[in-house]
Amino acid sequence: MALVKISQILEGKCTEQKVTVRGWVYRKREGKALIFLVIRDSTGVIQSTIKKDSPCWNDAQKLTIESSLILTGTAREDTRAPGGFEIGAEAIETVGLAENFPISKDKSEEFIRDMRHLWLRSRKMNLVMKVRAEVLEAAREYFKKQTFTEVSPPMFISAAVEGGSTLFALKYFEQELYLTQSSQLYLEILMYSLENVYCIAPSFRAEKSRTIRHLTEYWHMEGEWAFADMNDLMAFEEGLMAHICQTVAAKCEKEFKELGADIEKVKAVKTPFPRITYKEAIQRLKPKNPALDWGADLGYEDEKVLAEDFGKPFFVYDYPTAIKAFYCKTYKDHPEVAMSVDMMVPRIGEISTGGAREDNKDLLIQRMKEQGLKPEDYEWYLDLRRYGTVPHVGFGMGLERLLVWMLDLENIIDAIPFPRTTRRFYP
RNA sequence: GCCGCCGUUGCACAGCCCGGUAGUGCAACUGACUGUUAAUCAGUAGGUCAAAGGUUCGAGUCCUUUCGGCGGCGCCA
């Protein structure tokens with residue numbers, strides 16, 4: 001008798017062997033002389049059959065949906081069983097008898113969200129979380145291969161990275177602090193020691209966005225490196241994206257299939273990505289949106305039009321300086337253009353923003369003042385330009401947005417186990 | 001921030017336009033059924049119709065306000 005995972009049985013590795021599985025009751029179908037228990041564990045679901053004359057008949061009868069159990073029986077191939085394999089049960093040890101489980105086949109979005117702590121047991125969430133873990137692993141693999149060092153930036157911060165209006169303020173003893181919106185500025189500090197640095201950490205934004213692609217707490221994959229330019233940046237970003245897509249497509253074929261996600265789209269992600277300038281984007285969009293002139297930010301609708309044209313990830317770069325953050329480096333001969341780049345994907349729009357950082361102290365101060373920021377709030381940031389400044393670039397990619405695109409999810413809340421939106425933060 | 005939609009039993013919904021006894025399915029409970037695929041069949045029980053106010057002989061239904069939820073745009077990753 002061997003303790004096995006359900007996936008091993010489904011792969012045909014235990015056929016005609018006596019096995020023990022540990023898990024939970026996923027479905028129960030009861031007849032007069034036959035009970036079907038569908039058992040789930042972390043690796044999959046399998047049906048087990050209990051006959052009336054079996055010593056575990058009484059135990060099986062008492063079991064309820066989501067009860068935990070240890071079940072022993074003979075694994076066999078049977079075309080009548082969903083999945084093609086089943087366990088003929090011989091012994092059942094009930095570990096935790098479940099009360100009437102609130103989630104049934106009839107469920108609304110709203111109810112599922114209220115029951116998040118239980119819904120995470122669903123096949124869908126189980127599969128999404130596995131793919132999420134693979135994306136994280138693949139990302140780390142790529143950063144490491146490119147000689148980046150993973151660092152740990154703070155979540156409590158004293159000054160804004162983006163506009164102050166989207167900051168979460170909180171009481172920190174007797175003072176006011178904020179939750180970080182991006183770790184970029186801290187990566188820049190560490191870059192002066194480690195050169196190539198990255199982090200995978202949460203970012204918090206108090207945007208009252210009501211869309212399927214916004215969270216107030218999301219996971220941000222950010223990188224920053226010294227002695228690099230816009231070409232290096234785009235090459236790195238597309239390399240990262242392609243590596244994640246290729247790795248995940250290779251490892252998660254089963255998950256994509258069960259989720260009904262289009263794996264071919266992910267397999268097709270290869271370098272190089274199409275690159276167009278902001279100016280070219282405006283020209284392309286002009287026929288459809290005549291009101292769009294140079295200087296205006298691209299709206300979500302504009303991004304969607306571009307993205308559908310390409311049908312795959314692509315870059316838009318060289319945006320007007322006026323619509324970009326204070327730290328964006330500008331072109332010497334064209335200060336109205338900033339070295340900024342967005343990666344976009346169909347349906348979602350932006351999944352990443354990056355660019356060259358202003359490395360000249362005086363220009364940086366000037367940009368701060370233009371945007372109404374006080375340079376004295378950023379003394380430490382200015383110090384970075386005082387002591388051995390270097391040209392450098394960086395970017396941030398939204399992990400959940402990436403997952404929404406990869407897995408064709410209907411809403412970003414399903415890309416993270418415990419979503420925080422403007423209205424929801426339970427459990 | 002602007003706009004739209006929704007709230008009826010544990011869950012999913014109908015009833016609202018056109019006011020007149022609160023309905024169906026799932027789950028629960030009782031029973032039937034040798035292979036089911038979130039089975040099927042018979043039965044039982046389950047309701048402050050989100051809240052408050054108004055109109056009316058009479059409001060789940062019409063009006064007003066509030067609360068809660070979802071989404072579109074804006075903002076962004």
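All values derive from a computational prediction rather than experimental measurement. Residue numbers begin at 1 in each chain, while the letters A, B, ... track the order of the sequences. Side chains included, hydrogens not; waters and symmetry mates left out as well; all remaining heavy atoms used.
Phosphate contact (OP1/OP2 of A39(B), side-chain N/O of R29(A), threshold under 4.0 Å): present. An OP1 or OP2 oxygen of C73(B) is reached within less than 4.0 angstrom by no side-chain nitrogen or oxygen of R210(A). For the pair K32(A) and C33(B), the criterion of a side-chain N or O lying under 4.0 Å from OP1 or OP2 is met. Taking side-chain N and O atoms only, S104(A) has no distance below 4.0 Å to OP1 or OP2 of C11(B). Residue R76(A) has no polar side-chain atom (N or O) positioned under 4.0 Å from OP1 or OP2 of G35(B). OP1 or OP2 of G1(B) has at least one side-chain nitrogen or oxygen of K208(A) nearer than 4.0 Å. For N411(A), a side-chain nitrogen or oxygen approaches OP1 or OP2 of G71(B) to under 4.0 Å.
Counting non-hydrogen atoms under 4.0 angstrom, I351(A) reaches the backbone sugars and phosphates but no base. E301(A) comes within contact range of the sugar-phosphate backbone alone, with a heavy-atom separation under 4.0 Å but no base atom that close. Contact annotation for S203(A): no contact, since no heavy-atom pair falls under 4.0 Å across all strands. Using a 4.0 Å heavy-atom criterion, one finds that I212(A) contacts the sugar-phosphate atoms exclusively. When heavy atoms are screened at a 4.0 angstrom cut-off, G83(A) is found touching no nucleic acid atom at all. At a threshold of 4.0 angstrom between heavy atoms, the contacts of E109(A) with the nucleic acid are absent. Using a 4.0 Å heavy-atom cutoff across all strands shown, P102(A) reaches no nucleic acid atom at all. Residue contacts shown for E86(A) include a base, since a base heavy atom lies under 4.0 Å away. Residue contacts for D78(A): at a heavy-atom cut-off of 4.0 Å it reaches a base atom on one of the strands shown.
The distance between atom CD1 of I412(A) and atom P of C76(B), rounded to the nearest whole Å, is 16 Å. Taking atom CG of L292(A) as the reference point, atom P of G74(B) lies 12 Å away to the nearest angstrom. Taking atom CG of D297(A) as the reference point, atom C1' of C73(B) lies 14 Å away to the nearest angstrom. The CZ-P distance, from R27(A) to A39(B), rounds to 8 Å in whole Å. Here A77(B) presents its P atom at 18 Å from CZ of R132(A), a figure rounded to the nearest Å.
For the atom pair CG (L240(A)) and OG1 (T271(A)), the distance works out to 12.0 Å, reported to the nearest 0.5 Å. For the atom pair CG of N196(A) and CZ of F236(A), the computed distance is 8.0 Å after rounding to the nearest 0.5 Å.
A cation-pi contact, defined as under 6.0 Å to the ring centre and within 45° of the axis, links K265(A) to W405(A).
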T74(A) vs E16(A), side chain to side chain donor-acceptor pair (under 3.5 Å): CA-CA, chis, key distance, verdict: CA-CA 6 Å; T74(A) 304; E16(A) 298 308 326; over 6 Å; no
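At a cut-off of 3.5 angstrom, counting only N and O atoms as typed in the model, there is no donor on one side facing an acceptor on the other between the side-chain of E410(A) and the base of G71(B). You'll find a donor-acceptor pair under 3.5 Å spanning the side chain of D106(A) and the base of G25(B), going by distance alone. In this model, a side-chain donor or acceptor of S209(A) finds a partner on the base of G74(B) within 3.5 Å. Taking only distance into account, the side chain of E30(A) never meets the base of U36(B) through a donor-acceptor pair shorter than 3.5 Å.
Taking the side chain of N100(A) as heavy atoms from C-beta on, and the options A28(B), C70(B), A77(B), the nearest nucleotide is A28(B). Nearest nucleotide to the side chain of A81(A), out of C75(B), U36(B), G69(B): U36(B). Side-chain proximity of K105(A) to the nucleotides G35(B), A77(B), A38(B) is greatest for A38(B).
Scanning both residues, P202(A) and W219(A), for their nearest heavy atoms gives CG-CZ2, 3.8 Å. The two residues I103(A) and W119(A) make their nearest non-hydrogen contact at CD1-N, 3.7 Å. Between F273(A) and E238(A), the closest heavy-atom pair is N-OE1, 2.9 Å.
Nucleotide G23(B): paired with C13(B) (Watson-Crick or G-U wobble, both distances less than 3.5 Å).
Taking 4.0 Å as the cut-off between side-chain N and carboxylate O, R123(A) and E258(A) count as a salt-bridged pair.
Atom P of C29(B) sits at a distance of 30 Å from the matching atom of G7(B), rounded to the whole Å. For the P atom pair drawn from C33(B) and G10(B), the interatomic distance equals 33 Å after rounding to whole Å. As rounded to the nearest Å, A42(B) and A59(B) have C1' atoms that lie 37 Å from one another. The C1' atoms of U40(B) and G25(B) are separated by 14 Å, rounded to the nearest whole Å.
We find that the ring of F36(A) and the base of G35(B) do not stack by the test of centres under 5.5 angstrom and planes tilted less than 30°.
Distance alone, capped at 3.5 Å, places no donor-acceptor pair between the T180(A) side chain and the M155(A) backbone.
Residue pairs that meet the side-chain hydrogen bond (donor to acceptor under 3.5 Å, both in side chains) test with at least one member in residues 24-36 of chain A, sequence neighbours left out, are R29(A)-Q47(A).
Residues of residues 420-427 of chain A having a heavy atom closer than 4.0 Å to RNA chain B, listed by number: R423(A), R424(A).
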